[in-house]
J.: 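Before I ask anything, here is the structure I am working with.
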Amino acid sequence: MKKTLAILLMLMPLMTWGQDLESRYREIDNAIAESPRFVAQREAKIAVARRAFEQASGRQKYDESYRLFELYRPFVSDSAIYFLRQCIDLAEQMGDMSAAVQCQAQLAIRSTNIGLYDEALNILDSILIPQTTKPPTPQTTNTALGTYYEAYNNVYSELSYYTRLDDIRKMYQQKEQYYEQLMFKYLPATSESCFLRREQKAQNNGDLEESMRINDEWLKTVEPGSHPYALVALYRYIEFKLHRDTLQMMHWLTESVLADIRNAVMDQGSMWELANELMLQGDIERASSYISYTCDCANRYGSRQRNWQIAPLLSHIANNYKSQSERTTSQLWIAVAAISVLAMLLLVVLFLVHRRNQQLHAARNDLRTSNAQLSALNSQLSTLISQLSIQKDELAALNGQLSTVNGQLTESNRVKEEYIGRFMSLCSQYIDKLDNYRKMVNKKMKNKELDELFQISKSTELKEKELEELYENFDTVFLHLFPNFIDDFNALLQPEMQIHPKEENRLTTDIRIFALIRLGFEDSSKIAEFLHYSVNTIYNYRARIKNGALCNREQFETQVKALGS
């Protein structure tokens, strides 16, 4: 038992992880379905920027052109390059060599990213870095130089990765490291390029603790859900993959994928990685769906390099589909053979059943006559039993009604006797009180104490005292008749709406209203007359109490009438 429990406890996180991952895949599928909307949002931003670019001039035109480059950079490569060239021309016209160098370096980076390595080197080699530039600030110069060295580092990094010649790779790596140091010198340490290369360098050196620290620092500088966030999340996936933390690895990979889709990014690396992971896990159908989406995005972006990366994976998925199809075909042939054998057995069984049915048919003919006679007798007997049952039910119903009426009459008589006795006693007391009041008035008039008599007639104290005594008598009689009414009444209400009188054997106004309803006073005007309240007040009391009922508020007063029966 303990072993089983331990195994279940170990499997529970895996089950939860599987459910969470499946929900993430569904979220990605929904985002892919909505991708036309995300693309339309980016195109709308581009349309606004284009109009601003056409209307601008001078430095503003350069800024709008660079903004269009930023919008197109992850979206359409050719358009991004076009507006970079516009930036270069505008910067040269303004004499801003720093801006021109930065845009030319960006053009080389774009060329490298789409696989145009020779073109990138030609662009970089054609840039003349002057000894003195005319930037708006020294920081702009540093940024331009940093981007220039970043472009060299980027192209040599790609060339060293793809070359098959060891001596050439070594030369490329030396140049890559040389330009990386220069890039670190001029670019801010918190820039995306510096974070990325510092993290890659720590990973390559096997210092995973340092690389994770750099990624944590980088993550704080980006907005969740943005395009830069997708890049950080992708490298965070690599971090956890190196740490062999499958749960966190897939979480950050899907985070990167969702950010790319929702930002209409066409140059997607994370979706390609996700498709590869799914293929390794055996989820060929989903891997095929995702790699097809990535391929469509790469075609729209115009990246030759991304298509080179996707091609082997597409081929692998196609081969897996073929193997899966062959296995399915073999399984189908086995299933057809098994079904054929079962069909033959079914035919034999049907033949035997048919013979048995013929034998049973003869036996049924003999029984049919006997059954007909028995049916006639049963019909007659059923008729007699039905008639007796109807009479018995009618008698039981009449007895039930009679018992109910007797119970109601008994209770009504008990209530009437109690209240008639109390009424006679009160009438006698009121006659004595009226006579005493008459004597007091007579005495005051005889003694000519008219002012005091006038004050007594103005006071409502006597009325209030008599009403209090009337309610006290009513409460005493009612609780004598229904001693458990308060508890039974509260049992029909929600806990926070229950009413508990402060004085023993006394009713509150709320309970007194429903006590009158229990005695048969349903009209709010009669209850108001007895309690000396307005009809609206009585109605509000009734509505408030019914709103706190445990049952349906329409049935509440019916249940109150049945209390103490």
Side-chain angles (χ1 to χ4, degrees), residues 25-91 99 102-103 106-116 147 192 222-234 253-275 289-307 309-310:
Y25 292 152
R26 286 196 297 272
E27 195 174 352
I28 290 171
D29 293 339
N30 293 335
I32 290 174
E34 288 189 70
S35 61
R37 179 168 65 86
F38 301 135
V39 169
Q41 290 172 355
R42 182 173 284 272
E43 288 175 340
K45 291 179 182 178
I46 289 171
V48 172
R50 275 183 173 273
R51 286 194 293 272
F53 171 74
E54 290 169 0
Q55 296 170 6
S57 61
R59 168 60 66 175
Q60 187 179 2
K61 194 173 188 70
Y62 169 83
D63 293 339
E64 292 299 334
S65 180
Y66 199 84
R67 181 185 170 202
L68 281 165
F69 155 67
E70 291 286 357
L71 288 169
Y72 273 119
R73 183 170 58 175
F75 192 55
V76 179
S77 176
D78 291 344
S79 298
I81 289 172
Y82 171 79
F83 282 102
L84 261 182
R85 292 188 179 279
Q86 293 290 317
C87 287
I88 294 168
D89 292 341
L90 290 166
Q102 183 173 351
C103 292
Q106 284 287 1
L107 182 59
I109 292 172
R110 293 307 104 212
S111 300
T112 302
N113 289 348
I114 60 175
L116 302 177
T147 308
E192 180 182 281
V222 296
E223 181 184 353
S226 64
H227 179 41
Y229 175 80
L231 183 61
V232 182
L234 179 59
L253 182 56
T254 53
E255 276 286 291
S256 179
V257 167
L258 286 169
D260 274 344
I261 297 172
R262 289 167 180 166
N263 286 287
V265 173
M266 297 294 112
D267 183 22
Q268 297 180 354
S270 52
M271 182 67 89
W272 177 82
E273 282 287 347
L274 180 59
S289 172
Y290 289 171
I291 202 66
S292 296
Y293 174 76
T294 308
C295 191
D296 291 341
C297 291
N299 289 332
R300 180 165 188 165
Y301 179 70
S303 173
R304 185 172 62 182
Q305 184 190 32
R306 191 66 70 191
N307 285 327
Q309 294 174 338
I310 293 169

J.: Mind running salt bridge (Lys or Arg N to Asp or Glu O under 4.0 Å) on E64 and R67 for me, showing each step along the way?
T.: CA-CA 5 Å; E64 292 299 334; R67 181 185 170 202; 3.5 Å; yes

J.: Please assess L234 against D260 for the test side chain to side chain contact (heavy atoms under 4.5 Å, CB included), listing each intermediate value before the final yes or no.
T.: CA-CA 10 Å; L234 179 59; D260 274 344; over 6 Å; no

J.: Say whether, by atom type as modelled, one donor and one acceptor occur between the side chain of S226 and the main chain of E223 under 3.5 angstrom.
T.: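 Present.
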
J.: Rounded to the nearest 0.5 Å, how far apart are CD1 of I261 and OG of S256?
T.: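 One gets 9.5 Å once the value is rounded to the nearest 0.5 Å.
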
J.: With a 6.0 Å cut-off on ring centres, are Y66 and F69 close enough?
T.: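 Yes, ring centres under 6.0 Å apart.
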
J.: Return the CZ to OG distance between R73 and S79, rounded to the nearest 0.5 Å.
T.: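 One gets 14.5 Å once the value is rounded to the nearest 0.5 Å.
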
J.: What's the shortest heavy-atom distance between S270 and L253, and which atoms?
T.: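 It is O-CD1, 3.5 Å.
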
J.: Do L90 and S65 come within less than 4.5 Å of each other through their side chains, counting heavy atoms only?
T.: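 With C-beta onward as the side chain, the pair touches.
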
J.: Parallel, tilted or perpendicular for F83 and Y72, by the 30°/60° rule?
T.: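 The rings of F83 and Y72 lie parallel, inter-plane angle below 30°.
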
J.: Grab the two heavy atoms, one from W272 and one from T294, that are nearest each other, plus how far apart they are.
T.: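 Scanning both residues completely, I find the closest heavy atoms to be N-OG1, 4.0 Å.
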
J.: Output yes when K45 and E70 qualify as a salt bridge under the 4.0 Å nitrogen-oxygen rule, no when they do not.
T.: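 No, K45 and E70 are not salt-bridged.
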
J.: Any donor-acceptor pair under 3.5 Å linking the side-chain atoms of Y62 with those of D89?
T.: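 There is no such pair between these side chains.
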
J.: When you compare the side chains of Y301 and Q268, does any donor N or O come within less than 3.5 Å of an acceptor on the partner?
T.: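 No.
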
J.: Return the CD to CZ distance between E43 and R50, rounded to the nearest 0.5 Å.
T.: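 E43 atom CD to R50 atom CZ measures 10.5 Å (nearest 0.5 Å).
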
J.: Could you walk me through whether L68 and Q86 pass the side chain to side chain contact (heavy atoms under 4.5 Å, CB included) check?
T.: CA-CA 10 Å; L68 281 165; Q86 293 290 317; over 6 Å; no

J.: Please tell me if the side chains of L71 and R42 come closer than 4.5 Å, counting only heavy atoms from C-beta onward.
T.: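 L71 vs R42: side chains touch.
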
J.: Between L274 and I28, is there a side-chain heavy-atom distance shorter than 4.5 Å?
T.: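 Contact flag for I28/L274 side chains = yes.
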
J.: May I have the step-by-step check of side chain to side chain contact (heavy atoms under 4.5 Å, CB included) for I32 and Y290, ending in yes or no?
T.: CA-CA 9 Å; I32 290 174; Y290 289 171; 3.8 Å; yes

J.: Provide the closest heavy-atom pair for I114 versus S77 in the form atom of the first, atom of the second, distance.
T.: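 Result for this residue pair: CG2-OG, 3.4 Å.
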
